[in-house]
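Heads up: the structure comes next, in structure tokens.
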Amino acid sequence: MPGALAAALVLALLALRERPLDVAAPPGGSDPACARLADRLPATLHGQSRRPTTSSSPAVAAWGDPAIVWRCGVTPPGPTQNECTEVNGVDWVRVPLDDGSSFTTYGREPAVQLLVPRAYAPEPLTLPAVSAVVAAVPQGPRRCT
């Protein structure tokens, strides 16, 4: 019986790990560009594999546990005092969170948000792979200065 109990425990833990992450699609997630970008998302991000989400929208993706979350079609940020930096030709506005950072593209529509938990610090190291995807969205006139 101990072997069967251990096997059942392992299966239960695997089931918990594969539980879909509850993430809602953003308001602009139906933009066709979000589906095109989703097709270009990497299978792994910051060494973490893709994981299922509760949303069937291509505007939502997640990797790892704790989850790095991608949301396409978020409200574009306006001018801000928050840190704005360019990574591989894509401008990102960084907003510190209690447990990590939120990065939102600046000057591109649809806007993309990446939520990166502090567990992946330094969080900006996650941006190069995502910037390669977002670069397919044309840069508007607004840029980081």
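All values reported here derive from a predicted model rather than from experimental measurement. Hydrogens, waters and symmetry mates play no part in the numbers below; they use all other heavy atoms, side chains included.
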Are any of the side-chain heavy atoms of [X] and [Y] separated by less than 4.5 Å?
X    : Y    : answer
E83  : V93  : no
T104 : S102 : yes
R36  : V137 : no
Y120 : P66  : yes

**OP:** Using the side-chain contact (heavy atoms from CB on, under 4.5 Å) rule, take L114 and V116 through it: C-alpha gap first, then chi angles, then the decisive distance, then the call.
**Re:** CA-CA 6 Å; L114 193 68; V116 184; 3.9 Å; yes
Original post:
Checking side-chain contact (heavy atoms from CB on, under 4.5 Å) for the pair V90/R108: CA distance, chi angles, key distance, verdict?
Top reply: CA-CA 9 Å; V90 176; R108 294 173 192 262; 3.8 Å; yes
With a 3.5 Å distance limit and no angle check, can you tell me whether [X] reaches the backbone of [Y] through a side-chain donor-acceptor pair?
X    : Y    : result
D65  : A67  : no
R118 : E123 : no
R94  : F103 : no
N82  : V95  : no
Q48  : R51  : no
T54  : P20  : no
W63  : P42  : yes

Between atom [atom1] of [X] and atom [atom2] of [Y], what is the distance when rounded to the nearest 0.5 Å?
X    : Y    : atom1 : atom2 : result
T53  : L21  : OG1   : CG    : 7.0 Å
E109 : Q139 : CD    : CD    : 11.0 Å
L45  : W70  : CG    : CH2   : 9.5 Å
L127 : T105 : CG    : OG1   : 10.5 Å
C144 : D91  : SG    : CG    : 3.5 Å
I68  : L115 : CD1   : CG    : 10.0 Å

**OP:** Could you give me the CA-CA distance, side-chain angles and deciding distance for W92 and V134, then say whether side-chain contact (heavy atoms from CB on, under 4.5 Å) is met?
**Re:** CA-CA 11 Å; W92 295 92; V134 173; 4.1 Å; yes
Which pair of heavy atoms, one from [X] and one from [Y], lies closest together, and at what distance?
X   : Y    : answer
C72 : P110 : SG-CG, 3.9 Å
A24 : R71  : O-NE, 3.4 Å
G29 : S57  : O-OG, 4.2 Å

**OP:** Indicate if L37 and L41 have the same hydrophobic cluster label, given that clusters are the connected sets of ILVMFWY residues with side-chain heavy-atom separations under 4.5 angstrom.
**Re:** yes
Original post:
Are any of the side-chain nitrogens in E86 or R143 under 4.0 Å away from the carboxylate oxygens of its partner?
Top reply: no
